[in-house]
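Okay, structure first, notes after.
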Amino acid sequence: MNTISKIKYIHVLITLSIAFFSCDNNVEEEIPLPIGNEECSTDISFTADVKPVIDTNCIRCHGGNQAPDLRTFEGINANAARVRTQVVSRRMPLGGSLTNEEIELIRCWIDNGALNN
């Protein structure tokens, strides 16, 4: 191999190595989702558990000025499927983040029927 071929070969190896390792290190945390409702607690309370998470993380944007309005049980319940999708996919809340426990709490509450308890 001549010198130019060796340099091209080394350049390709370095480029591929950088691409491979950068992809490996930029992976977002995966959220383990239980299969079915059997792993969800049925003791989740809207008032005690879910509403405080929504008030802390969602009301600054969804407090009446931006749809959906999540100030009340009725507003949250009417948009439960949308809330679940946005929270589980981590698209919401914008500018913030929920813990895995908070995501699971909201997901399980909705999967258990989104009761006003």
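In this chain, residues are counted from 1 in sequence order.
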Taking every non-hydrogen atom, the tightest pair across [X] and [Y]:
X     : Y     : result
Gly64 : Asp69 : N-OD1, 3.6 Å
Ser97 : Pro93 : N-CG, 4.1 Å
Gln86 : Ser89 : O-OG, 3.3 Å
Asp43 : Ser41 : N-OG, 3.0 Å

Taking [Y]'s backbone N and O only, do any of them form a donor-acceptor pair with [X]'s side chain (distance below 3.5 Å, no angle check)?
X      : Y     : result
Trp109 : Val50 : no
Asn79  : Leu70 : no
Asn77  : Phe73 : no

Verify same cluster id: Ile54, Ile110 (apolar side-chain graph, 4.5 Å): yes
Same cluster (ILVMFWY, side-chain, under 4.5 Å), Ile44 and Ile76: yes
Any side-chain heavy atom of [X] within less than 4.5 Å of one from [Y]?
X     : Y      : result
Pro68 : Arg82  : yes
Leu98 : Ile106 : yes
Cys40 : Arg107 : yes
Asn57 : Glu102 : yes
Lys6  : Thr3   : no

Any ion pair linking Arg71 and Asp55 (charged N to carboxylate O, less than 4.0 Å)? no
Using the rule side chain to side chain contact (heavy atoms under 4.5 Å, CB included), only one of Thr99, Ile103, Leu105, Val87 pairs with Val53; which is it? Leu105
Which distance, rounded to the nearest 0.5 Å, do you find between the SG of Cys58 and the NZ of Lys51? 9.5 Å
Roughly how far, to the nearest 0.5 Å, is CG of Leu115 from OG1 of Thr42? 10.0 Å
